[in-house]
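These notes concern the structure reproduced below.
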Amino acid sequence: MLNLYKITLGPILLAQARWLRRTALRLPEAAGPREGVEGDPLHSGEPLRILVVGDSSAAGVGVDAQADALAQPVAKLLAARTGRRVAWQLVAKSGMNTSEALAMLANRELPRADYLVTALGTNDVTSQRKPSQFLADYIALVDTLRKRTGAAGLVVTGLPPLHILPAAPHPLRWYLGRYAKRLDALLIDWIEKDPAARYVSLAWAAKPQDMARDKYHPGPGQYRQWVEYVVGKIQSLMPS
């Protein structure tokens, strides 16, 4: 059905996509370190280790500093809740789809990790990658990360609610939203079959008033909420 809509609305969608690329406000990735250790420095135990991989949202576009984005706050909150130190590293780049993330990681030195957090998919929607190829690349990405880091647990962030995207006009906004839901359904089905994985929905983020000033990326409050969900999922994977 989506293919039919794409064919029927093709000229309008293409024109609106070109307009959006031309007029969209470009915000920088959040400034600050992309690795570190959070928690009590006097704690003598081995730290938990997390690796966050993703696109512009993982990179913190929408806030000024990594301290207000995703990776570092996840480490801070996890350290506070567990009483352990948490070592973290962020590998993220704006505009990157799942295939490009897989290619980038091939030439990247990766640390050992206990838990992986991923946030990808929006650029697979905007670049109109086939759903089957998107899922195949996502699975290959996770398999690569697990083998190279030794991570036991995985937290996958779902696709954002693009159907409410204020920066995009209709019918482009509607079409992107439908496509995102299609990719999201594939992620959910895959994750539900893996007992060492958890899925974080972003359906709660369908609030344009809470988004960043580009009306595309999460705002500060949305990052804080996202952090809470991710940490909760990591804790659900930890041995009791």
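Numbering of residues begins at 1 and proceeds along the displayed sequence. A quick note: this is a predicted structure, and the numbers were derived from the prediction, not measured. Side chains are part of it too, since the values below use all heavy atoms of this structure and drop only hydrogens, waters and symmetry mates.
Checking each of Asp124, Asp137, Asn123, Asp55 against Thr98 for a side-chain hydrogen bond (donor to acceptor under 3.5 Å, both in side chains) leaves exactly one that passes, namely Asp124.
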Report the C-alpha separation of Ser56 and His217 in whole Å, then their side-chain angles, then the decisive distance to 0.1 Å, and conclude whether the side-chain hydrogen bond (donor to acceptor under 3.5 Å, both in side chains) test is met.
-> CA-CA 8 Å; Ser56 56; His217 290 92; 2.7 Å; yes
Give the C-alpha distance, both sets of side-chain angles, the deciding distance and a yes or no for side-chain contact (heavy atoms from CB on, under 4.5 Å) between Met211 and Lys207.
-> CA-CA 7 Å; Met211 298 179 75; Lys207 297 178 180 179; over 6 Å; no
Using the side-chain contact (heavy atoms from CB on, under 4.5 Å) rule, take Leu77 and Glu228 through it: C-alpha gap first, then chi angles, then the decisive distance, then the call.
-> CA-CA 8 Å; Leu77 183 58; Glu228 290 274 355; 4.0 Å; yes
Please lay out, stage by stage, how Leu105 and Leu141 fare under the test side-chain contact (heavy atoms from CB on, under 4.5 Å).
-> CA-CA 8 Å; Leu105 291 171; Leu141 175 86; 3.1 Å; yes
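Between Arg148 and Glu109, no side-chain nitrogen of the basic residue sits less than 4.0 Å from a carboxylate oxygen of the acidic one, so the salt-bridge criterion is not met. Salt bridge status for Asp189 with Lys193: present, with a side-chain N to carboxylate O gap under 4.0 Å. A salt bridge links Arg146 with Asp194: at least one charged nitrogen is closer than 4.0 Å to a carboxylate oxygen. No salt bridge links Glu38 with Arg81; every basic N to acidic carboxylate O contact stays at or beyond 4.0 Å.
The side-chain hydrogen bond (donor to acceptor under 3.5 Å, both in side chains) check on Tyr199 picks up Asp184, with sequence neighbours excluded. Partners of Arg34 by side-chain contact (heavy atoms from CB on, under 4.5 Å), not counting sequence neighbours, listed by chain and number: Glu29, Ala59, Gln66, Leu90, Ala92.
A distance of 9.5 Å separates CG in Leu116 from CG in Leu110, rounded to the nearest 0.5 Å. If you take OG1 on Thr149 and CD on Gln89, they are separated by 10.5 Å, rounding to the nearest 0.5 Å. Expressed to the nearest 0.5 Å, how far NZ of Lys93 lies from CD of Glu100 amounts to 7.5 Å. Atoms CD1 and CD, on Ile164 and Gln209 in that order, are 8.5 Å from each other to the nearest 0.5 Å. Here the OG-OH distance, from Ser57 to Tyr216, works out to 9.5 Å after rounding to the nearest 0.5 Å. Taking OG1 of Thr144 as the start and CD1 of Ile139 as the end, the distance is 11.5 Å to the nearest 0.5 Å.
The two residues Thr157 and Leu187 come nearest to each other via the heavy atoms O-CD1, 4.2 Å. Heavy-atom minimum distance, Pro131 versus Arg182: CG-NE, 3.6 Å. Summarising the geometry of Trp204 relative to Gln222, their closest heavy-atom pair is CH2-O, 3.2 Å, with the distance given to 0.1 Å. Contact between Tyr179 and Arg129 at its shortest, heavy atoms only, is OH-O, 2.8 Å. Contact detail for Thr122 and Leu159: the closest heavy-atom pair is N-CD1, 3.5 Å. Residues Val61 and Ser94 approach most closely at CG2-OG, 3.5 Å, considering heavy atoms.
Among residues at least two apart or in separate chains, there is no ring-ring contact (aromatic ring centres under 6.0 Å, His included) pair with a member in residues 90-111. For residues 116-158, every residue pair satisfying the ring-ring contact (aromatic ring centres under 6.0 Å, His included) rule, not counting sequence neighbours, is listed here: Phe134-Tyr138, Tyr138-Trp190. Residue pairs meeting the ring-ring contact (aromatic ring centres under 6.0 Å, His included) criterion with at least one partner in residues 74-100, sequence neighbours excluded, are absent.
For Asp210, the CG atom counts as densely surrounded, since its 6.0 Å shell holds more than 12 non-hydrogen atoms of other residues, nucleotides or ligands. For Lys215, the NZ atom counts as densely surrounded, since its 6.0 Å shell holds more than 12 non-hydrogen atoms of other residues, nucleotides or ligands.
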Report all side-chain donor-acceptor pairs from residues 14-24 shorter than 3.5 Å, counting only partners two or more places apart or in another chain.
unit_1 : atom_1 : unit_2 : atom_2 : d
Gln16  : OE1    : Leu172 : N      : 3.0
Gln16  : NE2    : His170 : O      : 2.6
Thr23  : OG1    : Trp19  : O      : 2.8

